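Only a predicted model underlies this, so the values are computations on that prediction, with no experimental measurement involved. Naming: A, B, ... by sequence-line order, numbering from 1 per chain.
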Number of protein chains: 2
Amino acid sequence: MQTPEPLGATRPTSKDVARAAGVSQATVSLVLGEKWRGRVSERTAGTVREAARELGYRPNLAARNLRLGRTRTALLVVPALTNEFFAHVYTGAAAVAADHGFGVVLYPSPDGVGPARDPFASAQTALDGVLASSMATAALEAFRGGELPLVMLDSDPADTGAAAHVNLDVARGMRLVTAHLLALGHRRFLHLASAAPSWTFDVRAAALGEALRGAEVRTVRSPLTVAAAREAAGAALAAPGPRPTAVVCDDDILAAGVCKAARRLGLRVPEDLSVTGFDDMALATAVEPELTTVRLPAEEFGRRGMEALLAVLAGEPARSDVLPAELVPRGSTGPAPAP
Amino acid sequence: MQTPEPLGATRPTSKDVARAAGVSQATVSLVLGEKWRGRVSERTAGTVREAARELGYRPNLAARNLRLGRTRTALLVVPALTNEFFAHVYTGAAAVAADHGFGVVLYPSPDGVGPARDPFASAQTALDGVLASSMATAALEAFRGGELPLVMLDSDPADTGAAAHVNLDVARGMRLVTAHLLALGHRRFLHLASAAPSWTFDVRAAALGEALRGAEVRTVRSPLTVAAAREAAGAALAAPGPRPTAVVCDDDILAAGVCKAARRLGLRVPEDLSVTGFDDMALATAVEPELTTVRLPAEEFGRRGMEALLAVLAGEPARSDVLPAELVPRGSTGPAPAP
DNA sequence: CCGCCGAGGTTTTACGTATAACTTCCGAGG
DNA sequence: CCTCGGAAGTTATACGTAAAACCTCGGCGG
């Protein structure tokens, strides 16, 4: 006797439907596969569909996609989904995938706590391709030189190993921010950078350094939480010496922390201190004053990434892409205070 | 650098490994399945493993899990992931699932925009069970009376059809909030409720009504965005008649909107107006003043939900559960202003 | 009348893995 | 000498679906 097999009741198969409809299994497959024109009579097709409905039949997609390389499933590798940005990326990627009959499974890697096991096993399914963010640093190693087609999001285009790269023009975003602040008369800056190592943050730092050549710039790193940013910014703003008049942040979350630190020090934003964010997530307009920030088209980013991956899978020439970033001036920046 | 063949990127199979190792396919399966003790010699096992490594073999999990009801994959049905709360739920659920060798695929249903197609097809895989939030109203219909084991998150326990229910004690959360505000002397309230229909919001409204029996309560509904909440609250606060001194919100997002509306009307929080949130997401401590709110253990919620589902799948008695809610007093509430 | 054709199916096979059932070899106990 | 039994495999089959290859049966042009 076998194990009691308490796992879900065994569902009806195409064979069961065939028996109920009085036809062969192949006919059921033809009818339900929507490719029966001229192969099965309208009457029989109706009977089959009725029987399928009656039994509550649903095809076993695992069986359907048995052949390797045709599972129509992509893996999305991102840092923790609790970062709103990546929730948007997922939304975009999943939408495009769905339009092409593809599914998306997630491989979220909360920094350090990521699944220590085989990433493919943890995805619990066979995969056709991988769409990975360069911010998921730890997890990424597992896919380097992997045998699966790989499209990278926001990673160094010079990096080989990926079939295509879709990037955000964060360098331009940073240039827009610095130009905005320079025009407002700011000359002493604090750059509150992300402590997480990632190409996209390296690019931001480089662009900022380039644009502010000659100005006074101090850099402090912080994890991507409001509390951590508040501590880091608080310490930096209270340090001896002339105080910066503008803080450029790598993320809206960091900017929100800076605003809190400023308030705690009795500094008004933007009268005493200008603050800029990055990403333009919901948080940017939830705080007061609303954050001047750089809008990144997160959902479009996910869409374009998935489109590139699907193109690669279809054997089309891989189309790498760079999406524009845009300055959104709001209330957290203003003229530099008189010296 | 061999560019993998586009679509027919056929990966090595256990048969290929067998050929390379000079054994039969069954032996490969035995060795790699870790169930070869006493069946295969140490030497042969080594050869097989070496060959598998050499070819980069990975078992096709779709094929392995062909038999229905043993796919070790669960579906998580939630509203848009861009709501931080559900990102946490996913994190908890996925962690528990991974510990049991289960995968989690998402079925996010952005209200109304959800996948119009067959939800199972869109999940692109065979499923063993479903873990669904009652907030994913539209998508939920598809699973009602479905043949899959279903565990509901935050839905009416009287609702049959689910094998188990895991709930948050939002009624108690609401009672804690109202008691807090009553103790501060508030007597005129505005309840900013979620416009999305869901059992959890009904419970909150009922608990609030009960606790504030005798007090003056007005209710306004708003979608779960800061901008919408600001508009709704702004209109309600500017309405003629005595102004409420406290606003109870169904969500931190709504509370953030209320704070913005208050500022626009020249009202100080909490001196002129007390505001409370719900959920205690990152937003609650990102705004100024920080929100008095009800902490919901979102990640634990996801964990317990998945544990309940796995228990059901294992044939164990379904254990429904209610998780506690906790008041977190912060700066957005204070004594009622003198009349 | 024959051969051909197309409609409307059926039979058969392939997919990749797991596993039940079977074989073979070899040393030991009777 | 014969049998038994375990180690170390192999062969065969099942899983559910898709699809290729194959039938069967009228109708029709020649």
Test item: side-chain donor near acceptor, A/His88 and B/Thr82, under 3.5 Å: no
Contact under 4.0 Å: A/Thr13 side-chain N or O vs D/dG16 OP1/OP2: no
Ion pair check, A/Glu42 and A/Arg49, cut-off under 4.0 Å: yes
Sugar-phosphate only, base, or nothing, as touched by A/Val28 at under 4.0 Å among non-hydrogen atoms: nothing
Basic-acidic side-chain contact under 4.0 Å: B/Glu307, B/Arg303: no
Length of the CG-P vector between A/Asp16 and D/dC15, whole Å: 11 Å
From C/dT17, D/dA19, D/dT10, nucleotide with atom closest to B/Gln25 side chain: C/dT17
Donor-acceptor pair under 3.5 Å, B/Glu42 side chain vs D/dA8 base: no
Whole-Å distance separating the CZ atom of A/Arg43 from the C1' atom of C/dA7: 15 Å
A/Ala26 side chain, from C-beta outward: closest of D/dG9, D/dA20, D/dA12: D/dA20
Nucleotide C/dT12, atom P - distance to CG of A/Leu30 in whole Å: 17 Å
Given DNA chain D, 5'-ward residue of the pair A/Ser29 and B/Arg39, judged by closest heavy atom: B/Arg39
For atom NZ of B/Lys15 and atom P of C/dA18, their distance in whole Å: 13 Å
Sole candidate of B/Asp159, B/Val151, B/Leu153, B/Asp156 that passes side-chain contact (heavy atoms from CB on, under 4.5 Å) when paired with B/His165: B/Asp159
Length of the line joining B/Leu32:CG and C/dT19:P, which is rounded to integer Å: 13 Å
Under 3.5 Å side-chain donor-acceptor pair for A/Thr44 and A/Thr47: no
side-chain N/O A/Ser41 vs C/dG9 OP1/OP2, d < 4.0 Å: yes
Phosphate OP1/OP2 of C/dG9: any A/Ser24 side-chain N/O under 4.0 Å: no
Protein-nucleotide distance (B/Arg19, atom CZ; D/dT10, atom P), rounded to Å: 14 Å
